[in-house]
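Notes for the one structure printed next.
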Amino acid sequence: MKILVSADMEGATGVTWPDDVLPGHAQWERHRPMFTGDVNAAVAGFFDGGADDVLVNEAHWTMRNLLLDQLDERARMLTGRHKELSMVEGVQRGDVDGVAFVGYHAAAGAEGVLAHTYLANSVTGVWVDGTRASEGLLNALVCAEFGVPVVLVTGDDKACEDAKVYAPRACTAAVKEYVSRYAAVCLPPARSAAAIRAAAREAAALAVRQPPVVTEHEVILEFDAEHLAGAATVVPGVRQTGERRVAYTSPTMYDGVRCFKAVTTVVSAAVEEQYG
């Protein structure tokens, strides 16, 4: 049994503030061991449940945050940016039985600690086929096209609630309770690890490949400034549908998430330091 762990950081133990997850900050350095601890707990739980291969894909920011020298020695780690499928790179290889979303968070425009979708600001909402979309939903749709189920989701309680939308059978472990976008009631690392390990052990039984689900999708993005919608339309197939909204249709979510990455890259380049 092979498990792919997609590891994001906003939903990690103790994280509540931008500096906690922004590379180069002292608080980021302080939270890297706790982030690695969450991942290690998931790895241990999956091996407890019968996995024989766990690949951890770094999925946060520069994708160079986890501490390799502290990683469970039974796991392997894919680190670095510019990967074909970004946060779920590796799922397309045909040998993954289940995917775990560790350290995930709620969607842009929704309640949740550090809630966002790809861009920390700028994007105020994303919808796929009419449903508000978190990174979890986007990535789960990609995984489904390769027949791989999402079996575990960890993060704050809002991220775990969000998982019910895109992976209703998945096991969840909430490491903190949402208070505001920048505040939470957090479990100490030892308690987080115990909860994640137990959930991963149970989730291993769900790691059974499924028939691929490939369908067309309409994706809508809303921005916090009208000029960003105009900027996004330089991406082929993206059309402006409102003052701050764009939309596009993709034959698959594989294509859809790659177009999404292109749009957010262009939009990031169009943001000015002072006025956004």
Item checked: side-chain contact (heavy atoms from CB on, under 4.5 Å) between Val165 and Arg132, worked out -> CA-CA 10 Å; Val165 174; Arg132 184 179 289 276; over 6 Å; no
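- Between Asp156 and Ala174, the shortest heavy-atom contact is C-CB, 4.3 Å.
- When the ring pair (Phe, Tyr, Trp, His ring centres under 6.0 Å) test is applied to His116, the partners found at least two apart in sequence or on another chain are His105.
- Closest approach of Val235 and Cys259 over heavy atoms only: CG1-SG, 4.0 Å.
- Criterion: ILVMFWY side-chain heavy atoms under 4.5 Å apart, direct or through other members. Under it, Val148 and Ile3 are not part of a common hydrophobic cluster.
- Follow the hydrophobic side-chain contacts under 4.5 Å out from Val267 and you reach Val257 in the same cluster.
- A donor-acceptor contact shorter than 3.5 Å is absent between the side chain of Lys83 and the backbone of Val88.
- Here the CG atom belonging to Leu206 is positioned 9.5 Å from the CG atom belonging to Leu152, to the nearest 0.5 angstrom.
- Between Asp129 and His217, the closest heavy-atom pair is OD2-ND1, 2.7 Å.
- For Glu222 (side chain) and Ile220 (main-chain N/O), no donor-acceptor pair under 3.5 Å exists by modelled atom type.
- Residue pairs meeting the ring-ring contact (aromatic ring centres under 6.0 Å, His included) criterion with at least one member in residues 132-164, sequence neighbours excluded, do not occur.
- Residues Phe35 and Met77 are members of one and the same hydrophobic cluster, defined by side-chain heavy-atom contacts under 4.5 angstrom among Ile, Leu, Val, Met, Phe, Trp and Tyr.
- If you take CG on Asn57 and NE2 on His60, they are separated by 13.5 Å, rounding to the nearest 0.5 Å.
- Sparse packing is recorded around CH2 of Trp61, with 12 or fewer heavy atoms of other residues, nucleotides or ligands lying under 6.0 Å away.
- Looking only at side-chain heavy atoms (C-beta outward), Cys171 and Val151 stay at 4.5 Å or farther from each other.
- Other residues, nucleotides and ligands contribute over 12 non-hydrogen atoms within 6.0 Å of the CZ atom of Arg209.
- Side chains of Glu89 and Gln92: a donor on one and an acceptor on the other come within 3.5 Å.
- A salt bridge links Glu29 with Arg32; the closest basic N to acidic carboxylate O contact falls under 4.0 Å.
- If you take OG1 on Thr16 and NE2 on His31, they are separated by 6.5 Å, rounding to the nearest 0.5 Å.
- Between Glu218 and Arg239 a salt bridge is recorded (basic side-chain N to carboxylate O distance below 4.0 Å).
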Notebook entry, point to check: Could you walk me through whether Cys143 and Met253 pass the side-chain contact (heavy atoms from CB on, under 4.5 Å) check?
Noted result: CA-CA 9 Å; Cys143 294; Met253 189 45 68; over 6 Å; no
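- In this structure Phe223 satisfies the ring pair (Phe, Tyr, Trp, His ring centres under 6.0 Å) test with no other residue, sequence neighbours excluded.
- When atom types are taken as modelled, the side chain of Thr117 and the backbone of Ala108 share a donor-acceptor pair closer than 3.5 angstrom.
- The minimum heavy-atom distance linking Leu85 with Val91 is given by the pair CD1-CG1, 4.0 Å.
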Margin query: Determine whether Arg74 and Asp72 satisfy the following criterion, salt bridge (Lys or Arg N to Asp or Glu O under 4.0 Å), listing intermediate values before the conclusion.
Written below: CA-CA 5 Å; Arg74 295 170 294 181; Asp72 188 310; 2.9 Å; yes
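- The shortest non-hydrogen separation linking Ala115 to Ala110 is CB-O, 3.5 Å.
- With hydrophobic clusters built from ILVMFWY side chains whose heavy atoms lie under 4.5 angstrom apart, Leu187 does not share a cluster with Met34.
- In this structure, Ile196 CD1 and Asn40 CG are separated by 10.0 Å, a value rounded to the nearest 0.5 Å.
- When the side chains of ILVMFWY residues are joined at heavy-atom separations under 4.5 Å, either directly or via intervening members, Val128 and Val153 end up in a single hydrophobic cluster.
- The backbone N or O of Ser134 sits nowhere less than 3.5 Å from a side-chain atom of Asn139 that would complete a donor-acceptor pair.
- Without hydrogens or angle criteria, Asp162 side chain to Ala107 main chain gives no donor-acceptor distance under 3.5 Å.
- Within the model, atoms OG1 of Thr249 and CG of Asp255 stand 12.0 Å from one another, a figure rounded to the nearest 0.5 Å.
- Taking OG1 of Thr79 as the reference point, atom CG of Leu68 lies at 8.0 Å (rounded to 0.5 Å).
- Using modelled atom types, one side-chain atom of Glu58 and one backbone atom of Leu66 make a donor-acceptor pair closer than 3.5 Å.
- Within the structure, ring-ring contact (aromatic ring centres under 6.0 Å, His included) pairs that include any residue of residues 248-276 comprise Tyr118-Phe260 (at least two apart or interchain).
- At a threshold of 4.5 Å between non-hydrogen side-chain atoms, the residues Ser86 and Lys261 count as touching.
- Residues in residues 178-203 take part in these side chain to side chain donor-acceptor pair (under 3.5 Å) pairs, two or more places apart or across chains: Thr13-Ser192, Asp48-Arg197.
- With Trp28 as reference, Asn65 is the one residue of Asp19, Asp20, Asn65 to meet the side chain to side chain donor-acceptor pair (under 3.5 Å) rule.
- Defined by atom type and a distance below 3.5 Å, a donor-acceptor pair is present between the side-chain atoms of Ser6 and Tyr104.
- Looking at Asp52, its side chain does come within 3.5 Å of a backbone N or O of Met1 through a donor-acceptor pair.
- Residue Val56 comes nearest to Ala7 through the heavy atom pair CG1-CB, 4.3 Å, listed as atom of the first residue, atom of the second, then distance.
- Shown here are the ring pair (Phe, Tyr, Trp, His ring centres under 6.0 Å) partners of Phe46, two or more places apart in sequence or in another chain: there are none.
- A heavy-atom distance below 4.5 Å is not found between the side chains of Arg64 and Pro23.
- Checked by atom type and distance alone, the side chain of Glu10 never pairs as donor or acceptor with a backbone atom of Val21 at under 3.5 Å.
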